[in-house]
Amino acid sequence: MKLGKEFYINGEVTDLAKELLGKYLYVNNSVLTAGKIVETEAYSYKEKACHAYNNRFTKRTSIMFEEGGVAYVYTCYGIHSLFNIVTNKKGIAEAVLIRAIEPMVGQEVMKHRRGGNSDIASGPGKLTQALGISKKHNGTFLTEKEIWIESGIKVDDELIGRSKRIGVDYAEEDAKLEWRFFVKNSPFVSH
DNA sequence: GCAATGATTTACT
DNA sequence: GTAAATCATTGCC
(Lines give C-alpha, C1' and ligand atoms only; values in the text may rest on other atoms or scores of the structure.)
Protein backbone atom coordinates (compact mmCIF):
# COMPACT_ATOMS: atom_id res chain seq x y z
CA MET A 1 0.00 0.00 0.00
CA LYS A 2 1.34 3.38 -1.02
CA LEU A 3 2.21 5.69 1.86
CA GLY A 4 0.27 8.95 2.03
CA LYS A 5 1.55 12.43 2.74
CA GLU A 6 0.72 12.19 6.43
CA PHE A 7 3.45 9.57 6.94
CA TYR A 8 6.16 12.03 5.95
CA ILE A 9 4.81 14.96 7.91
CA ASN A 10 4.27 13.44 11.33
CA GLY A 11 6.95 12.32 13.71
CA GLU A 12 10.63 12.86 14.37
CA VAL A 13 12.93 12.51 11.37
CA THR A 14 14.98 9.90 13.21
CA ASP A 15 11.88 7.80 13.88
CA LEU A 16 10.87 8.05 10.23
CA ALA A 17 14.32 6.96 9.12
CA LYS A 18 13.96 3.89 11.30
CA GLU A 19 10.40 3.19 10.17
CA LEU A 20 11.38 3.33 6.52
CA LEU A 21 13.46 0.17 6.95
CA GLY A 22 11.62 -2.79 5.44
CA LYS A 23 9.40 -0.60 3.27
CA TYR A 24 9.50 -0.71 -0.53
CA LEU A 25 10.81 2.06 -2.75
CA TYR A 26 9.21 2.05 -6.21
CA VAL A 27 10.40 4.00 -9.25
CA ASN A 28 8.50 3.98 -12.50
CA ASN A 29 10.28 5.73 -15.33
CA SER A 30 9.38 3.68 -18.41
CA VAL A 31 10.37 0.54 -16.50
CA LEU A 32 9.13 -0.38 -13.03
CA THR A 33 11.92 -1.01 -10.52
CA ALA A 34 11.69 -1.44 -6.77
CA GLY A 35 13.58 -2.58 -3.73
CA LYS A 36 13.28 -3.00 0.00
CA ILE A 37 14.89 -0.22 2.02
CA VAL A 38 17.63 -1.63 4.25
CA GLU A 39 19.68 1.45 5.17
CA THR A 40 18.81 5.08 5.91
CA GLU A 41 20.19 8.22 7.55
CA ALA A 42 18.39 11.19 9.12
CA TYR A 43 19.32 14.84 8.56
CA SER A 44 17.96 17.91 10.28
CA TYR A 45 18.40 21.69 10.15
CA LYS A 46 19.45 21.36 13.81
CA GLU A 47 22.77 19.68 13.08
CA LYS A 48 25.87 20.57 11.10
CA ALA A 49 25.96 17.64 8.70
CA CYS A 50 22.76 18.87 7.09
CA HIS A 51 22.90 21.06 3.99
CA ALA A 52 20.17 23.20 5.55
CA TYR A 53 21.96 23.51 8.90
CA ASN A 54 20.83 26.51 10.90
CA ASN A 55 18.11 27.11 8.29
CA ARG A 56 20.66 27.89 5.61
CA PHE A 57 18.42 28.61 2.64
CA THR A 58 19.91 28.35 -0.84
CA LYS A 59 18.61 27.30 -4.23
CA ARG A 60 19.72 23.73 -3.49
CA THR A 61 18.36 23.44 0.06
CA SER A 62 15.05 25.21 -0.64
CA ILE A 63 13.37 21.88 -1.39
CA MET A 64 14.07 20.68 2.15
CA PHE A 65 11.89 23.44 3.51
CA GLU A 66 8.90 22.15 1.59
CA GLU A 67 6.22 20.00 3.15
CA GLY A 68 7.21 16.38 3.78
CA GLY A 69 6.67 13.85 1.00
CA VAL A 70 8.80 15.26 -1.80
CA ALA A 71 12.10 13.97 -3.17
CA TYR A 72 15.36 15.83 -2.58
CA VAL A 73 17.93 14.71 -5.14
CA TYR A 74 21.33 16.33 -5.38
CA THR A 75 24.72 15.64 -6.90
CA CYS A 76 27.62 14.62 -4.70
CA TYR A 77 31.29 14.57 -5.69
CA GLY A 78 30.14 15.77 -9.09
CA ILE A 79 29.32 12.23 -10.09
CA HIS A 80 26.61 10.71 -7.95
CA SER A 81 22.97 11.51 -7.37
CA LEU A 82 21.77 11.00 -3.80
CA PHE A 83 18.10 10.42 -3.04
CA ASN A 84 16.46 11.85 0.06
CA ILE A 85 12.90 12.01 1.30
CA VAL A 86 11.89 15.38 2.73
CA THR A 87 9.98 15.09 6.00
CA ASN A 88 8.15 17.28 8.50
CA LYS A 89 5.99 20.33 7.96
CA LYS A 90 6.59 23.16 5.51
CA GLY A 91 9.35 25.42 6.77
CA ILE A 92 11.10 22.70 8.79
CA ALA A 93 14.12 21.38 6.89
CA GLU A 94 14.53 17.69 7.59
CA ALA A 95 15.12 14.69 5.34
CA VAL A 96 15.96 10.99 5.26
CA LEU A 97 18.73 9.79 2.98
CA ILE A 98 18.09 6.38 1.44
CA ARG A 99 21.47 4.62 1.47
CA ALA A 100 20.73 1.07 0.31
CA ILE A 101 17.96 -1.17 -0.96
CA GLU A 102 17.52 -4.87 -1.54
CA PRO A 103 16.59 -5.26 -5.25
CA MET A 104 13.10 -6.75 -5.69
CA VAL A 105 11.53 -5.68 -9.00
CA GLY A 106 13.29 -5.17 -12.34
CA GLN A 107 16.59 -6.61 -11.18
CA GLU A 108 17.85 -7.23 -14.71
CA VAL A 109 17.19 -3.62 -15.69
CA MET A 110 18.91 -2.35 -12.57
CA LYS A 111 21.91 -4.58 -13.14
CA HIS A 112 22.17 -3.34 -16.72
CA ARG A 113 22.02 0.28 -15.53
CA ARG A 114 24.88 -0.52 -13.19
CA GLY A 115 27.01 -1.71 -16.08
CA GLY A 116 26.40 -5.39 -15.45
CA ASN A 117 27.69 -5.14 -11.92
CA SER A 118 25.79 -7.54 -9.66
CA ASP A 119 26.40 -5.20 -6.73
CA ILE A 120 23.23 -3.29 -7.55
CA ALA A 121 22.18 -0.90 -4.80
CA SER A 122 24.39 -1.18 -1.71
CA GLY A 123 25.11 2.53 -1.44
CA PRO A 124 23.37 5.87 -1.97
CA GLY A 125 24.97 6.61 -5.33
CA LYS A 126 24.55 3.07 -6.61
CA LEU A 127 20.89 2.95 -5.68
CA THR A 128 19.99 6.06 -7.68
CA GLN A 129 21.86 4.69 -10.67
CA ALA A 130 20.03 1.36 -10.46
CA LEU A 131 16.62 2.98 -10.07
CA GLY A 132 17.27 5.63 -12.70
CA ILE A 133 16.88 8.55 -10.28
CA SER A 134 18.58 11.79 -11.29
CA LYS A 135 18.42 15.46 -10.44
CA LYS A 136 15.37 15.91 -12.62
CA HIS A 137 13.44 14.05 -9.92
CA ASN A 138 14.25 16.75 -7.40
CA GLY A 139 10.92 17.95 -6.03
CA THR A 140 8.96 14.91 -7.22
CA PHE A 141 5.97 14.21 -4.98
CA LEU A 142 6.07 10.71 -3.51
CA THR A 143 2.29 10.72 -3.60
CA GLU A 144 2.43 10.77 -7.41
CA LYS A 145 3.12 7.84 -9.74
CA GLU A 146 6.80 8.22 -10.64
CA ILE A 147 8.42 7.55 -7.25
CA TRP A 148 6.64 6.26 -4.17
CA ILE A 149 7.00 4.14 -1.02
CA GLU A 150 4.87 1.16 -0.12
CA SER A 151 4.55 -0.34 3.34
CA GLY A 152 6.41 -3.60 3.54
CA ILE A 153 7.38 -6.02 6.23
CA LYS A 154 7.88 -4.68 9.72
CA VAL A 155 11.51 -5.01 10.72
CA ASP A 156 11.89 -6.32 14.25
CA ASP A 157 13.61 -3.90 16.59
CA GLU A 158 16.25 -6.49 17.37
CA LEU A 159 17.22 -6.57 13.71
CA ILE A 160 17.71 -2.83 13.42
CA GLY A 161 21.29 -1.65 13.77
CA ARG A 162 22.27 1.89 14.59
CA SER A 163 25.51 3.83 14.07
CA LYS A 164 27.12 7.14 13.25
CA ARG A 165 26.43 8.48 9.80
CA ILE A 166 28.87 7.90 6.96
CA GLY A 167 31.04 10.59 5.43
CA VAL A 168 30.11 13.44 7.75
CA ASP A 169 33.26 13.67 9.87
CA TYR A 170 33.46 17.38 9.08
CA ALA A 171 30.30 17.98 11.16
CA GLU A 172 32.25 18.17 14.44
CA GLU A 173 30.12 17.14 17.44
CA ASP A 174 27.14 16.31 15.22
CA ALA A 175 29.22 13.69 13.42
CA LYS A 176 28.80 11.62 16.55
CA LEU A 177 25.01 11.43 16.30
CA GLU A 178 23.83 7.88 15.73
CA TRP A 179 21.36 8.71 13.02
CA ARG A 180 22.13 5.87 10.61
CA PHE A 181 19.79 2.90 10.67
CA PHE A 182 20.20 -0.41 8.86
CA VAL A 183 18.91 -3.97 8.81
CA LYS A 184 21.34 -6.18 10.71
CA ASN A 185 22.86 -9.08 8.80
CA SER A 186 21.54 -7.81 5.48
CA PRO A 187 24.08 -8.35 2.66
CA PHE A 188 22.58 -5.35 0.86
CA VAL A 189 23.74 -2.52 3.15
CA SER A 190 26.59 -0.27 2.01
CA HIS A 191 30.19 -1.37 2.46
C1' DG B 1 34.32 35.37 -11.97
C1' DC B 2 37.04 31.96 -9.25
C1' DA B 3 38.66 28.50 -5.93
C1' DA B 4 37.35 25.02 -2.48
C1' DT B 5 35.03 20.93 -1.28
C1' DG B 6 32.14 17.03 -0.57
C1' DA B 7 25.64 12.82 2.71
C1' DT B 8 30.74 8.46 -3.04
C1' DT B 9 32.46 4.78 -5.97
C1' DT B 10 35.90 2.25 -7.99
C1' DA B 11 40.23 0.38 -8.75
C1' DC B 12 44.45 -0.40 -7.19
C1' DT B 13 48.61 -1.73 -3.74
C1' DG C 1 44.09 -0.01 3.28
C1' DT C 2 44.66 4.22 0.09
C1' DA C 3 43.79 7.24 -3.84
C1' DA C 4 41.94 9.09 -8.03
C1' DA C 5 37.98 10.50 -10.64
C1' DT C 6 35.17 14.62 -11.42
C1' DC C 7 31.67 18.69 -11.16
C1' DA C 8 27.58 21.16 -9.01
C1' DT C 9 27.11 24.10 -5.37
C1' DT C 10 28.71 27.39 -2.46
C1' DG C 11 30.86 31.48 -0.68
C1' DC C 12 33.96 34.95 -1.31
C1' DC C 13 36.44 38.44 -4.36
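All chains are named by letter (A, B, ...) in the order of the sequence lines, taking the proteins before the strands, and each is independently numbered beginning at 1.
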Is a side-chain N or O of A:T61 found less than 3.5 angstrom from the main chain of A:R56, in a donor-acceptor match?
yes

Residues pairing under salt bridge (charged side-chain N to carboxylate O under 4.0 Å, His left out) where one sits in residues 136-163 of chain A, two or more places apart or in two chains, turn out to be A:K18-A:D157

Look up atom CD1 in A:I37 and atom CD1 in A:I98, then write down how far apart they are to the nearest 0.5 Å.
4.0 Å

Does atom NZ of A:K2 have more than 12 heavy-atom neighbours, drawn from other residues, nucleotides or ligands, at distances under 6.0 Å?
yes

Using a strict heavy-atom distance below 4.0 Å, which residues from residues 159-185 of chain A are in contact with DNA chain C?
none

Return the CZ to CD distance between A:F141 and A:E67, rounded to the nearest 0.5 Å.
8.0 Å

What string of B, S and - do you get for nucleotides 6-13 of chain C 5' to 3' if you count protein non-hydrogen atoms under 4.0 Å?
BBSSSS--

For residues A:I149 and A:I85, determine if any side-chain heavy atom of one lies less than 4.5 Å from a side-chain heavy atom of the other.
yes

Flag yes if A:Y72 and A:L97 sit in one hydrophobic cluster, no otherwise; membership is Ile, Leu, Val, Met, Phe, Trp, Tyr, and two members link when side-chain heavy atoms are under 4.5 Å apart.
yes

Applying salt bridge (charged side-chain N to carboxylate O under 4.0 Å, His left out), which residue pairs with at least one partner in residues 87-107 of chain A are found, sequence neighbours left out?
A:K36-A:E102, A:E39-A:R99, A:E41-A:R99, A:E66-A:K90

So where does chain A start and stop touching DNA chain B, 5' to 3', when the test is distance under 4.0 Å to a non-hydrogen atom?
B:dG6 to B:dT10

For A:H191, report the nucleic acid contact type (base, sugar-phosphate, nothing); a contact means any heavy atom under 4.0 Å.
nothing

Between A:A121 and A:L127 the two heavy atoms that sit nearest each other are CB-CA, 3.9 Å

State, yes or no, whether a side-chain contact exists between A:V73 and A:S134 at a heavy-atom distance under 4.5 Å.
no

As a test of your reading of the structure, name each stem of DNA chain C as range with range, where a stem is three or more consecutive Watson-Crick or G-U pairs at under 3.5 Å.
B:1-6 with C:7-12, B:8-12 with C:1-5

Flag if over 12 foreign heavy atoms under 6.0 Å of CD, A:E12
no

For A:K48, I'd like to know if atom NZ has over 12 heavy atoms of other residues, nucleotides or ligands within 6.0 Å.
yes

